[in-house]
Amino acid sequence: MIRNMTCEKVKSLLSAYLDSELDYHELRQVELHLLDCSSCQRECRSLRATKDLLGTLESPPLPGEFWPELKERITSRSVSRYYLRLLMKVLAPATALLVLAILPFAITTHEGASSGQVEAKTDLIEPYIREYVISELDRPFSDKTSLGFVATAQAVTMYSSDFLEPHDHHTPREAVVTQNRTGQRTQANAFQRVMFLSPR
Amino acid sequence: MLNTRALAGTQYRESNIEAFEELVRTYDHKLYRVALRLTGNPDEAKDLAQEALLRAYRAFDRFKMGTSFEKWLFRIASNLYIDKLRKYGKYRFESLDEPIPTKDGYVQKILPDRTCNPEDIAEQNELAEKIQAALQSLPVNYRMAVILYDLEGFSYAEISGILDCSIGTVRSRIHRGRRLLRKKLAPYVYQGTDVEVG
């Protein structure tokens with residue numbers, strides 16, 4: 001294997017050889033090759049001379065103004081960055097407040113045109129759905145889930161109180177009496193909004 | 001040495017600058033030397049080293065505790081230098097002895113004097129100038145590897161970390177850099193040796 005190493009390969013490893021950065025096998029191969037190859041020996045000497053030449057460069061001193069200038073640069077940039085951050089801290093909430101202030105007006109304006117149509121449609125179908133729900137609630141085997149209820153007294157009470165306020169105070173509330181599995185009877189108010197229903 | 005945790009989450013306070021100074025005092029001179037050999041100009045070198053330290057100061061939160069601070073710092077500096085070369089396009093490969101073709105034939109190139117202080121010029125010997133000029137003429141990757149190894153004594157493994165390349169690449173760059181330097185500095189390299197110019 002050692003005999004197969006060419007001059008070209010050895011020469012490419014000579015800098016690493018001079019720097020003691022070859023692994024054991026490479027080192028042995030290069031050393032053995034150098035014993036017999038005058039061309040590679042010359043190459044090695046010239047590279048060593050180049051390396052030594054670089055070592056003759058003197059170390060320049062650190063300029064005296066280096067740290068005072070650097071501190072000034074750190075401070076000046078820090079101050080400007082500090083004020084930038086401060087500005088952002090002030091601007092960001094101000095922008096958020098502005099958006100929050102404008103948003104309701106924008107939404108109202110946007111919804112203004114379409115809201116009337118939605119109400120009209122809802123009013124048209126509502127009486128029919130309401131009647132259906134009322135009649136179904138009164139039947140002991142009706143599917144309360146499809147009506148938007150969990151078949152418990154608490155649920156009926158909750159829905160009746162939260163969603164089922166009458167249109168106006170002059171109209172008496174229509175009472176709905178339902179009965180759960182345990183036989184407990186619960187009275188619920190009539191429905192004003194039944195949009196959560198999925199009638200069969 | 002100062003505990004590096006002292007600067008974690010650093011805010012811009014005078015005390016932190018002092019702490020940072022204490023931390024990097026070990027490396028500032030080395031950093032300046034590398035910058036000077038890279039740029040060949042004391043003003044540029046000072047600017048480069050200061051900018052690198054400034055970035056290190058600002059990015060200190062991102063420094064991974066337990067890793068080499070020196071390697072991290074020099075990596076910042078080398079990346080910064082390469083960025084500046086790309087941005088301003090100052091770097092170009094040029095031959096020291098290649099004549100310039102003109103209408104009237106060839107003229108010998110006069111290399112730019114990269115030192116700015118006349119007193120320094122007087123003090124520097126001819127050899128140092130030639131070596132610096134030869135270093136300047138190297139491609140930047142070769143130059144960095146040669147400077148870090150031959151002038152500052154980093155190991156191949158450390159250079160591989162700084163320059164973000166494999167050890168094999170470092171080996172190759174140093175070797176090619178030295179061969180180019182040998183060619184450019186031939187009269188000095190072969191002075192007193194029995195070898196011929198290769």
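Numbered from 1 within each chain, the chains take letters A, B, ... in sequence-line order.
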Residues of residues 168-176 of chain B contacting chain A, heavy-atom criterion under 4.5 Å, by residue number:
B:R171, B:I174, B:H175
Which answer fits [X], side chain, backbone, both or neither, if we ask what part of it has an atom under 4.5 Å from a heavy atom of chain A?
{"X": "B:L135", "result": "side chain"}
{"X": "B:A49", "result": "both"}
{"X": "B:L181", "result": "both"}

A:K11 to A:Y17, cation-pi by 6.0 Å centre distance and 45° axis angle:
no
Side chain, backbone, both or neither: which part of A:D19 has an atom under 4.5 Å from a heavy atom of chain B?
both
Under 4.5 Å from a heavy atom of chain B, the part of A:T56 involved:
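The side chain, not the backbone.
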Looking at [Y] and [X], is any side-chain nitrogen of the basic one under 4.0 Å from a carboxylate oxygen of the acidic one?
{"X": "B:E70", "Y": "B:R75", "answer": "no"}
{"X": "B:K84", "Y": "B:E44", "answer": "no"}
{"X": "B:D28", "Y": "B:R33", "answer": "no"}

Give a yes or no on whether the backbone of B:S155 and the side-chain of B:Y149 come within a donor-acceptor separation of less than 3.5 Å.
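Flag not set: sc B:Y149 to bb B:S155 has no pair under 3.5 Å.
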If we define contacts as heavy-atom pairs under 4.5 Å, which of A:E21, A:K51, A:R48, A:E69 has the most with chain B?
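Of the candidates given, the most pairs with chain B belong to A:E21.
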